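These figures come from a predicted structure and were not determined experimentally. Chain letters run A, B, ... following the sequence lines, proteins first and then strands; every chain starts at 1.
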Amino acid sequence: MGFMMRKFDMYAQTTTHSVCTLGKSQGYYMNKFVNRTTSLVSAMLLILMTVFALQAQAAEKAKPKPLTAEEELKVLVKKFSKPKYSKKGADSCLKCHDQESDLDATGIFANRHGAIGDPEGPMGQLQCESCHGPLGRHDKRPRKGKVREPMIKFGENSLLPAAEQNSVCLGCHQDDHTRMGWMGSEHDANDVACVDCHKLHVEHDPIMTAETQNQQCTSCHVKQKIDMHKRSAHPLKDNRQVCTDCHNPHDSSNDASLIAVTLNDSCLGCHSEKRGPNLWEHEPVAEDCSNCHTPHGANNAMLLKRRSPQLCQECHSSVGHTSAAYVEALGNKVQGKSCLNCHNKIHGSNHPDGQLFTK
Amino acid sequence: MKTQLSCITVSVLMALQSYAADFGIQNVDQSKVKKNKWKCEYCITSEAWSGEWSVSADYVDKDEAGFKNIVDKDDGAAIDGSVDVNMRKSDRYGNFYFNGEDGEPDNPGLAIGLNYGFYSGGEYSLTYSQQSKYYGDNGVTPYSKSSVGSHVLPGGWVGNDNTMFMPGLDSTLSPFDLDLERKLLSFDYSYKSDSPWRPRITISQEEKEGAKLISGYSNYQAAILPSDVDYTITKLSSGVSYSTANFSSDFAYNYMEFDNDDEQVNWQNPFTSNMEFTSLAPDNEFHQVALKLRYREDNTQYYAQGYYSQSFQDEHFLSSTLVTPVNSLDAQVDETNIMVKVIHNYDRKTRLSAKASFRERNNKTDQYLFGDRYNPAQDYRNNKFELMAQFKQFDHFNLKLSGELIDKDRPDQQREEIDERIFKVSLKEKSFDAFDASIDYEYSRRDGSNFKEDEYALNVQNDELRRFNLADRKRDHVKGWFGYSYSEMLNVDLNAYYAKDDYDDTEVGLTEGEEQGVEVAFSGVFSEVEWQVYWGKEEITYKQGGSDNLSSANWWGETENDSEQYGFNLEVPDLIEDLLSLALDYNYADGQVNQSVTQGRSIDHSNYPENEYEQHRVDLHLDYVLTETSELSGHVIYERNNDVDYFYHNVDVATLPNVLTPGVIGNNYNNTFVSLKYKHKF
């Protein structure tokens, strides 16, 4: 920068010196010439500006009106019914959507969807047009006043409803045993599009990656976000466990979209020491773990909904020491104000003397 | 699925105007596409190898148990690394990874995996991983393990009926860790091709080792001590799917075996000095078969699934004071679940569905008399019916209505039958581009909780008592969401929920539950800097009544659970253009439990302490690009955690006369983790 300034200064000095060396008459004509030239340039600039302004106004008027959602859907259905696929497949698309483009599509080749050897994958079938529909006239310059012919788009920029976007993905992905129940599932019924969670033109789909899945799910499921930061929680906040360890987001046939058919089956998959069947069963344990525990997090130890003895006294408040409102910490009834200090086998006991879950 | 169908005609596609358009590739006649001239310059057609390796130097200033749940690492410095290698060919792929135990949050423990598969054919995967969970490291106990594995007290122990007068207790206490480590070895195989049959199988074995607290109980006295955990869990999950154009099915068989290396804990009673025995979880087996069927016809889908499972257990009983009629229990519980669902799209804006399900638990274990009691069978039968209608034809909102009827029958409990009716309405706004909103309301009524007088009860029952899971209940639940997008720079999300359970017929037991929560988040992108600020709060309140005179309620309790969370995230991709990126996260979370119990006695002992939990956490990531293939990453985690009493014993070892406790186990620390990683891609 300093070098540039010095060059400019030298030029300025030279120019000043040149003017100073001119004679009087020469200077007069020179000034007159300069004034005329300035006027001429100014006039031309004014004309040009006016022309540009008029052109801009005309261009604004001629700017093609974007299609409405209904119009775009109609065009796409028509394109799909009389398909005109490209001459060169993906290479036709990547002439524009290459790495230099704002709509770079080449990320797909870093994941399985970009594998040309996968006969069931998009690249193994109709390449880009497997998902985005037939090219048609999309690569042609639009006629004056018309927008470029649309392709099937996904995500925030798409005008298509979630059901239509999802029909593309389900064309290949609905026969899998984990997705058979997609239709009518919670996410389907709430118009969640596949691409609301999945990213396809990247190497690692964030929702399929342990480090990012929980964050993405809890951006909508905020109660679970608060729960997983509580003092007693499954290790979700540090991504040691992910939502899909227990839930199937593509099928809500089971309660709470669980993978296992019942909540207890889901819990016992890891906590299998509590399955029994024990000699002495505790009714709420046999029926539903969520009678006492909350699955995502709690302020009480061991994800308990409430602390002992209040939790226990919601059912055992009938006779004997269970019916006492409170006893002294030094008393011999509710020892240390926790029933579990003595009734430790609360999930069931296999000891003949364990009918009160103490052994 | 590769399809060469010439199925969809123009007429069907035009019909899509009335039903949701289906742009699936199965509707395309690919034979008419001239693919012989197609190439794909970007596609991988020959063998290609890629991957990365890393070396990291880490430092942890303290190895507090709670912090080890985030950074699974001992105090001090260490060096570790990872390797990830990928192979791709036109028809197959493979991956090998190794993560050392560098303890970073993204890499919690040792993990090794090998994956190899064909795009059309089999896929094989063999993995091994370790994961730990830490509960606390500041419990204390006078117990030690003898050569035969018994928990014994120090030599010369003098027992006493009161822990405060045990002469050798204070001088013999030593600390112990409460943690569990899981080691999982797993093999997966699946096969996928253009065949309609797709088999799969997963076999895994998990070792769970560590220590957990158990209570040794004898004659109204208890000693809480750390007991070894040594479990082995073996699982087999297999299945085969069969699909055609309109029909899909899946048959699965699942097996699980739980093996506890210890069937009992032998412990020396500190009050009497005698040896005692406490049973541990018995070994068990679980078998399950499952069938799913789906058939689609025009705009209707029929879906059915059925599960049948059996659980077994025949562990020998420990010696007992009772005369036992058998030496072990041939315990068996069968469970049946059946569900059928029909979904019909009347047109592209109206959907109707009906669902019915049946669930039964059948304890087939023989019943014997042990002392004065038979071993109970806690069976139940549930029936559920659900109707749902979804309407999208309105200009300003979508509407969803549903109703459920649930009938529960518990033949072996004092309250045998309840029925519940649930009604839900959901509205989703669709008028405005800049903002979205939805609101869901649920009302339910549970009735029919009648006392079954002929059912055996251990104790005299109070007729006023209602167990909360069986009691009549009225529930209102509403949740709402509002999202506003001002521009790319500013988005606002507001979520709120409120629920109230009113056990209106209950006088003794849980009488009311109320829950409310809210979260507000602001986010956006400003000059390529992504930011988010959020705040959330939740309050849960429970009220209950109790009676110590077998009659009306004469004491009342209230529990308040409050939680709060706030923080921010910041991502700067180009702190130095194309060289340095930064991500900074801060999160604060706290929780309080306040309890009050009142009975109006002259001496009020309702001194339940307030339980508080508080945590600040800062995560800082810095990534510096060295070359096109190498990167230097820095990661700092700071956590301030204050959780004084996790297990709520809240009493020292010798405070309760009849209970020997492990002391106050909490996690109160300031910990920092620093990591520097060199990563190279190839």
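Proximity to chain B involves both the backbone and the side chain of L126(A), based on heavy atoms less than 4.5 angstrom apart. Residue K428(B) touches chain A through its side chain alone, counting heavy-atom pairs closer than 4.5 Å. Only the side chain of T106(A) comes within contact range of chain B, judged by heavy atoms closer than 4.5 Å. In this structure, chain B has heavy atoms under 4.5 Å from both the backbone and the side chain of C270(A). Of the two parts of P277(A), the backbone and the side chain both hold a non-hydrogen atom closer than 4.5 Å to a non-hydrogen atom of chain B. Neither the backbone nor the side chain of S92(A) has a heavy atom closer than 4.5 Å to any heavy atom of chain B. For A290(B), no part lies under 4.5 angstrom from a heavy atom of chain A. Interface residue T559(B): only side-chain heavy atoms are found under 4.5 Å from chain A. Of the atoms belonging to V168(A), heavy atoms from both backbone and side chain fall under 4.5 Å from chain B. Within the 4.5 angstrom heavy-atom criterion, atoms from both the backbone and the side chain of Y42(B) approach chain A. With a 4.5 angstrom heavy-atom cutoff, Q288(B) touches chain A only via side-chain atoms. Neither the backbone nor the side chain of R92(B) comes within contact range of chain A, judged by heavy atoms closer than 4.5 Å. Using a 4.5 Å cut-off between heavy atoms, L329(B) contacts chain A through its side chain alone, with no backbone atom that close. For N398(B), the part sitting under 4.5 Å from any heavy atom of chain A is the side chain, from C-beta outward, and nothing else. Heavy atoms of F312(B) lying under 4.5 Å from chain A belong exclusively to its backbone. Heavy-atom distances place no part of D176(A) under 4.5 Å from chain B, backbone and side chain included. Contact annotation for K223(A): both backbone and side-chain heavy atoms come within less than 4.5 Å of a heavy atom of chain B. When heavy atoms are compared at a cutoff of 4.5 Å, D493(B) does not approach chain A at all. Contact annotation for I152(A): only side-chain heavy atoms (C-beta onward) come within less than 4.5 Å of a heavy atom of chain B. Interface remark: A162(A) contributes no atoms to any contact with chain B (heavy atom separation under 4.5 Å). Looking at I108(A), neither its backbone nor its side chain comes within 4.5 Å of chain B, counting heavy atoms on both sides. For chain B, the nearby part of M123(A) is the side chain; its heavy atoms alone come within less than 4.5 Å. Proximity to chain A (any heavy atom under 4.5 Å) is restricted, for E519(B), to the side chain, taken from C-beta onward. With a 4.5 angstrom heavy-atom cutoff, N260(B) does not touch chain A via any of its atoms. Neither the backbone nor the side chain of D288(A) comes within contact range of chain B; no heavy atom of the residue lies under 4.5 Å from a heavy atom of that chain. Interface residue A189(A): backbone and side-chain heavy atoms are both found under 4.5 Å from chain B. With a 4.5 angstrom heavy-atom cutoff, R351(B) touches chain A only via side-chain atoms. Contacts of K39(B) with chain A are made by both backbone and side-chain atoms, with heavy-atom separations under 4.5 Å.
Under a cutoff of 6.0 Å and an axis angle of 45°, R306(A) and F468(B) form a cation-pi pair.
The greatest number of non-hydrogen atom pairs below 4.5 Å with chain A, out of K537(B), R200(B), K133(B), is found for R200(B). With chain B as partner, the option from K225(A), Q165(A), K359(A), K84(A) having the largest number of non-hydrogen pairs under 4.5 angstrom is K225(A). Between chain B and the residues N166(A), D227(A), D188(A), V285(A), the largest count of heavy-atom pairs under 4.5 Å involves D188(A). Taking chain A as the reference chain and counting heavy-atom pairs below 4.5 Å, the highest number among W556(B), Y542(B), Y380(B) is found for Y542(B). Interface summary for chain B: among A298(A), A286(A), A90(A), the most heavy-atom pairs under 4.5 angstrom belong to A286(A). Heavy-atom pairs under 4.5 Å with chain B were tallied for H282(A), Q174(A), K237(A), K274(A); the largest tally goes to Q174(A). Ranked by heavy-atom pairs under 4.5 Å with chain A, the first of R88(B), K292(B), K341(B), K37(B) is R88(B).
Side-chain contact check for S86(A) and E129(A): at least one donor-acceptor pair (N or O, by modelled atom type) lies under 3.5 Å. Side-chain atoms of D251(A) and S253(A) form a donor-acceptor pair, as typed in the model, at a separation below 3.5 Å.
Side-chain atoms of K34(B) never come within 3.5 Å of backbone atoms of K87(A) as a donor-acceptor pair (strictly under, hydrogens ignored).
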Would N299(A) and S563(B) count as a side-chain hydrogen bond (donor to acceptor under 3.5 Å, both in side chains) if you check the C-alpha gap in whole Å, the side-chain angles of each, and the deciding distance to 0.1 Å? CA-CA 8 Å; N299(A) 283 337; S563(B) 305; 3.2 Å; yes

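Rounding to the nearest 0.5 Å gives a distance of 15.5 Å between CH2 of W280(A) and NZ of K345(A).
Applying the ring-ring contact (aromatic ring centres under 6.0 Å, His included) test to Y307(B) and every residue at least two apart in sequence or in another chain returns nothing. Every residue meeting the side chain to side chain contact (heavy atoms under 4.5 Å, CB included) condition with I233(B), not counting sequence neighbours, appears here in chain and number order: S272(A), E206(B), K235(B), M256(B), F258(B).
The SG atoms of C169(A) and C172(A) do not lie less than 2.5 Å from each other.
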